[in-house]
Trainee: 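Next up is a structure, given as structure tokens.
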Amino acid sequence: MDLTKLVEMSNKHGKNPDLVLAGGGNTSCKKDGVLYVKCSGTSLGTITEEGFVAMDIAKLTALMEKEYPAEDAAREAAFLKDVMDARCDEDLSKRPSVEALLHSLFPQTYVLHIHPALINGLTCSRGGEELAREILGAQMIWIPICRPGYTLGKLCNEAMKVYSKDHGQEVQVVLLQNHGIFIAAETTEEIDRILEDVIDKLEAYVRTEGKEELVSRLHEITGRVVEFLPIREAVHFVSSRENAEPLLKPFTPDHIVYCGAFPLFVEEGEDLGAALEAFKEKEGDYPKIVLLQKVGAFALCQSEKEIRNAELLLNDAMKVAYYAEKFGGALPMTDELTYFITHWEAESYRKKQA
């Protein structure tokens, strides 16, 4: 069988570090009763057609009707033997992914299984199941944490049958608690669309949950266009004033132009309005960047374009801070030079163009 589309899908997602790390994740496709699933230990980012093993779908799904020993080691040994016996590949040295059975349970042609940090932030959270239903709706099923192998397969099989009966269609998204996500579809393009939809919904939730009131409050106080900046590294810098210290003075002229000379750090429990007014009294204007302890980074600007530039340069400043620490410690610009550049005509002109 031509596995070109399967290889392309595997390589595409396997090379994205936001989706796949190391040898994690697996993919498959089906045709004429045969499942072609990733071999165990093979990397999705570099996999070729030879990295998949052919398996008899009928033999795999029949395992769901078989009784296995209750004792863990005996059950998994017997189950593994049956899974290996389901191979119909010319090369019987190939070992299928441990999730081969789960791939066979989906009737759709293509299946993608990955463990992205964003998705596992949900699957590894308290109340994750309720939040998953709130954010993703009825398009998914949630599988509670359980032993891998036969036990997981049995639980998924039962849940998928219930979903099909209740919704009149086959499930396409399965979230495994403390594990990851399965997505199934008839085409790789549809796999991509579903994955993008899930990622977009989770990112939107992370960006806005608990932040909307603060955005409104900052706008009310300053009259500026305000946006929460979903920069991952910000979690470290806003955890304490000590961690934020490297960002509170500029490293380069670009940071002054696009982020303002001095970001404002507001401690947990501190009066936000008072902190902003005190900053304005001292510096002559509101800050472009506000770091709220244990919340995140906010941009206060005159336009969306200015916000995007501030986000880019704040992200850059965080990277500079990290690398500078590795090279012996952060060394920001002097206050004297910062003052000069802030009021320098050339940079004032550049700010207007930003």
Trainee: Please report the C-alpha distance between Leu276 and Leu218 in whole Å, then the side-chain angles of each, then the deciding distance to 0.1 Å, and finally whether the side-chain contact (heavy atoms from CB on, under 4.5 Å) criterion is met.
Mentor: CA-CA 9 Å; Leu276 284 164; Leu218 287 165; 3.7 Å; yes
Trainee: Might you point out which heavy atoms bring Leu44 and Gly14 nearest each other, and give the distance in Å?
Mentor: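 Of all heavy-atom pairs spanning Leu44 and Gly14, the closest is CB-CA, 3.8 Å.
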Trainee: State plainly whether one hydrophobic cluster holds both Ile221 and Phe279, where clusters connect Ile, Leu, Val, Met, Phe, Trp and Tyr through side-chain heavy atoms under 4.5 angstrom apart.
Mentor: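 Result: yes, single cluster for both.
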Trainee: For Lys282, check salt bridge (charged side-chain N to carboxylate O under 4.0 Å, His left out) against everything at least two apart and list the hits.
Mentor: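 Lys282 satisfies salt bridge (charged side-chain N to carboxylate O under 4.0 Å, His left out) with no other residue.
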Trainee: Begin from the C-alpha positions of Phe265 and Leu248 and carry the test side-chain contact (heavy atoms from CB on, under 4.5 Å) through to its verdict.
Mentor: CA-CA 8 Å; Phe265 182 84; Leu248 301 186; 4.0 Å; yes
Trainee: Can you list everything that forms a ring-ring contact (aromatic ring centres under 6.0 Å, His included) with His115? Sequence neighbours excluded, please.
Mentor: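 Applying ring-ring contact (aromatic ring centres under 6.0 Å, His included) to His115 gives His113, His179.
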Trainee: Quick one: closest heavy-atom pair of His13 and Asp192, and the distance?
Mentor: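 Result for this residue pair: NE2-OD1, 2.8 Å.
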Trainee: Quick one: side chain to side chain contact (heavy atoms under 4.5 Å, CB included) partners of Val83, sequence neighbours excluded?
Mentor: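 Val83 satisfies side chain to side chain contact (heavy atoms under 4.5 Å, CB included) with Met55, Leu60, Leu63, Phe79, Pro96 only.
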Trainee: At their closest point, which heavy atom of Val295 faces which heavy atom of Lys211, and how far apart are they?
Mentor: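 Residues Val295 and Lys211, closest heavy atoms: O-CE, 3.7 Å.
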Trainee: Which distance, rounded to the nearest 0.5 Å, do you find between the CZ of Phe52 and the CG of Asn26?
Mentor: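 It is 9.5 Å, given to the nearest 0.5 Å.
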Trainee: Side chains of Ile341 and Val257: closer than 4.5 Å at any heavy-atom pair?
Mentor: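 In short, these two side chains do not touch, never coming nearer than 4.5 Å.
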Trainee: About how many Å separate NE2 of His103 and OG of Ser97, when rounded to the nearest 0.5 Å?
Mentor: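 Going from OG on Ser97 over to NE2 on His103, the span is 5.0 Å.
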Trainee: ring-ring contact (aromatic ring centres under 6.0 Å, His included) with Phe237: which residues, sequence neighbours excluded?
Mentor: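 In terms of ring-ring contact (aromatic ring centres under 6.0 Å, His included), with neighbours along the sequence ignored, Phe237 is linked to no residue.
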Trainee: Check the hydrophobic clustering (I, L, V, M, F, W, Y; side-chain heavy atoms under 4.5 Å; chains of links allowed) and say if Tyr150 and Ile143 are grouped together.
Mentor: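 Linked within one cluster.
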Trainee: Going by ring-ring contact (aromatic ring centres under 6.0 Å, His included), name the residues that satisfy it together with Tyr286, two or more places apart in sequence or in a different chain.
Mentor: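 Tyr286 satisfies ring-ring contact (aromatic ring centres under 6.0 Å, His included) with no residue once adjacent residues are dropped.
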Trainee: Which hydrophobic side chains are connected to Val98, either touching it within the sub-4.5 Å cutoff or through other members that do?
Mentor: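 Besides Val98, the hydrophobic cluster comprises nothing; the residue is isolated.
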Trainee: Tell me the closest heavy-atom pair linking Leu122 and Leu131, and the distance in Å.
Mentor: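 So the two residues come closest at CD1-CB, 3.8 Å.
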Trainee: How many angstroms lie between OG in Ser43 and NZ in Lys15, if you round to the nearest 0.5 Å?
Mentor: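 Ser43 atom OG to Lys15 atom NZ measures 9.5 Å (nearest 0.5 Å).
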Trainee: Give a yes or no on this: more than 12 heavy atoms of other residues, nucleotides or ligands lie within 6.0 Å of atom NZ of Lys201.
Mentor: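 Count over threshold, so yes.
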Trainee: Would you say Asp91 and Ser93 make side-chain contact, with heavy atoms under 4.5 Å?
Mentor: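 The answer is yes, as the side chains (C-beta and beyond) meet within the 4.5 Å cut-off.
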Trainee: Mind checking the CG-CG spacing from Asp85 to Leu80? Nearest 0.5 Å is all I need.
Mentor: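 One gets 9.5 Å once the value is rounded to the nearest 0.5 Å.
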Trainee: Can you list the residues that meet the salt bridge (charged side-chain N to carboxylate O under 4.0 Å, His left out) rule with Lys249, with sequence neighbours excluded?
Mentor: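 For Lys249 the salt bridge (charged side-chain N to carboxylate O under 4.0 Å, His left out) partners, ignoring immediate neighbours, are Asp335.
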Trainee: Indicate yes or no for a side-chain donor-acceptor contact from Arg95 to the backbone of Ser40 under 3.5 Å, with no hydrogens or angles considered.
Mentor: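 No, the answer is negative, given that no donor and acceptor are paired below the 3.5 Å cut-off.
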Trainee: Are Val53 and Ile47 co-members of a hydrophobic cluster defined by side-chain heavy atoms under 4.5 Å apart?
Mentor: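 No, no single cluster joins them.
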Trainee: Look at the side-chain heavy atoms of Ile, Leu, Val, Met, Phe, Trp and Tyr, link any pair under 4.5 Å apart, and say whether Leu6 and Leu195 land in one connected group.
Mentor: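 Yes: a chain of side-chain contacts under 4.5 Å links Leu6 to Leu195.
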Trainee: Do Glu158 and Lys161 meet the salt-bridge criterion of a basic N to acidic O distance under 4.0 Å?
Mentor: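 Not counted as a salt bridge, because no side-chain N and carboxylate O are separated by less than 4.0 Å.
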Trainee: Return the minimal non-hydrogen interatomic distance between Ala159 and Ile141, and the atom names on each side.
Mentor: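 The pair with the smallest heavy-atom distance is CB-CD1, 3.9 Å.
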Trainee: Take Glu220 and Arg217 through the test salt bridge (charged side-chain N to carboxylate O under 4.0 Å, His left out) and record every step on the way to the result.
Mentor: CA-CA 5 Å; Glu220 179 185 333; Arg217 176 74 174 135; 3.8 Å; yes
Trainee: Do Thr48 and Glu50 have side-chain N/O donor and acceptor atoms under 3.5 Å apart?
Mentor: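 Yes, because at least one side-chain N or O of Thr48 sits under 3.5 Å from a partner of the opposite role on Glu50.
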Trainee: If the condition is side chain to side chain contact (heavy atoms under 4.5 Å, CB included), which residues does Ile145 pass it with, not counting sequence neighbours?
Mentor: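 If we apply the side chain to side chain contact (heavy atoms under 4.5 Å, CB included) test to Ile145, skipping adjacent residues, the hits are Gln177, Asn178.
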Trainee: Where do Cys156 and Leu105 come nearest, in terms of heavy atoms and distance?
Mentor: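 Heavy atoms only, the tightest pair is CB-CD1, 4.4 Å.
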Trainee: Spell out, yes or no, whether Ile119 and Trp142 are grouped together once hydrophobic residues are joined by side-chain heavy atoms under 4.5 Å, including indirect joins.
Mentor: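 Same hydrophobic cluster.
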Trainee: State the CG-NZ distance between Leu112 and Lys38, to the nearest 0.5 angstrom.
Mentor: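 Nearest 0.5 Å value for the CG-NZ distance: 11.0 Å.
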Trainee: Between Arg133 and Glu129, does any NZ, NE, NH1 or NH2 come within less than 4.0 Å of an OD or OE carboxylate oxygen?
Mentor: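 Salt bridge: yes.
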Trainee: What I want to check is whether the side chains of Asp254 and Thr252 have a donor and an acceptor closer together than 3.5 Å.
Mentor: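 Their side chains do not contain a donor-acceptor pair, so the 3.5 Å distance test is not met.
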Trainee: With sequence neighbours excluded, tell me which residues meet side chain to side chain donor-acceptor pair (under 3.5 Å) with Glu76.
Mentor: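 Applying side chain to side chain donor-acceptor pair (under 3.5 Å) to Glu76 gives none.
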Trainee: Donor-acceptor pair, distance only, cut-off 3.5 Å: does the side chain of Arg87 make one with the backbone of Lys94?
Mentor: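 At least one qualifying donor-acceptor pair exists.
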Trainee: So do the side chains of Tyr36 and Glu49 get within less than 4.5 Å of each other, counting heavy atoms only?
Mentor: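 SC-SC contact between Tyr36 and Glu49 ruled out.
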Trainee: Using the test side chain to side chain contact (heavy atoms under 4.5 Å, CB included), find all partners of Thr338 that sit at least two apart in sequence or belong to another chain.
Mentor: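 Partners of Thr338 under the side chain to side chain contact (heavy atoms under 4.5 Å, CB included) test: Pro250, Ile256, Ala261, Phe262, Met333, Thr342.
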Trainee: With a 3.5 Å cut-off and sequence neighbours excluded, list the donor-acceptor pairs that the side chains of residues 167-176 form with protein atoms.
Mentor:
from: His167; atom 1: ND1; to: Tyr163; atom 2: O; distance (Å): 3.1
from: Gln172; atom 1: NE2; to: Ala184; atom 2: O; distance (Å): 3.1
from: Gln172; atom 1: NE2; to: Glu190; atom 2: OE2; distance (Å): 3.1

Trainee: Taking it one step at a time, do Val225 and Glu304 satisfy side-chain contact (heavy atoms from CB on, under 4.5 Å)?
Mentor: CA-CA 7 Å; Val225 178; Glu304 286 293 334; 3.8 Å; yes
Trainee: Could you check Thr222, Leu264, Val215 and say which one makes a side chain to side chain contact (heavy atoms under 4.5 Å, CB included) with Leu300?
Mentor: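 Exactly one option meets the side chain to side chain contact (heavy atoms under 4.5 Å, CB included) with Leu300, and it is Thr222.
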Trainee: Could you go through residues 311-326 and list every donor-acceptor pair under 3.5 Å that involves a side-chain atom there, pairing it with any protein atom two or more places apart or in another chain?
Mentor:
from: Glu311; atom 1: OE1; to: Arg308; atom 2: NE; distance (Å): 3.2
from: Glu311; atom 1: OE1; to: Arg308; atom 2: NH2; distance (Å): 2.8
from: Asp316; atom 1: OD2; to: His255; atom 2: NE2; distance (Å): 2.8

Trainee: In terms of side-chain geometry, is the basic nitrogen of Lys31 or Asp2 positioned less than 4.0 Å from the acidic oxygen of its partner?
Mentor: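 No salt bridge links Lys31 with Asp2.
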Trainee: Can Val238 and Leu292 be said to form a side-chain contact (heavy atoms from CB on, under 4.5 Å), step by step?
Mentor: CA-CA 6 Å; Val238 301; Leu292 298 186; over 6 Å; no
Trainee: Are the side chains of Arg224 and His219 in contact, using a 4.5 Å heavy-atom criterion?
Mentor: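 A side-chain contact under 4.5 Å is absent here.
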Trainee: Roughly how far apart are Glu8 CD and Lys12 NZ, rounded to 0.5 Å?
Mentor: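 Spacing of CD (Glu8) from NZ (Lys12) equals 10.0 Å.
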Trainee: Look at atom CD of Glu71 and say whether more than 12 heavy atoms of other residues, nucleotides or ligands are closer to it than 6.0 Å.
Mentor: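 Result for CD/Glu71: enclosed.
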Trainee: Just so I know, are the side chains of Pro144 and Leu155 near enough to count as touching, which here means a heavy-atom distance under 4.5 Å?
Mentor: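 Yes - at least one pair of side-chain heavy atoms lies under 4.5 Å apart.
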Trainee: Please say whether more than 12 non-hydrogen atoms of neighbouring residues, nucleotides or ligands are located less than 6.0 Å from CZ in Arg147.
Mentor: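 Atom CZ in Arg147 is not packed in, count stays at 12 or less.
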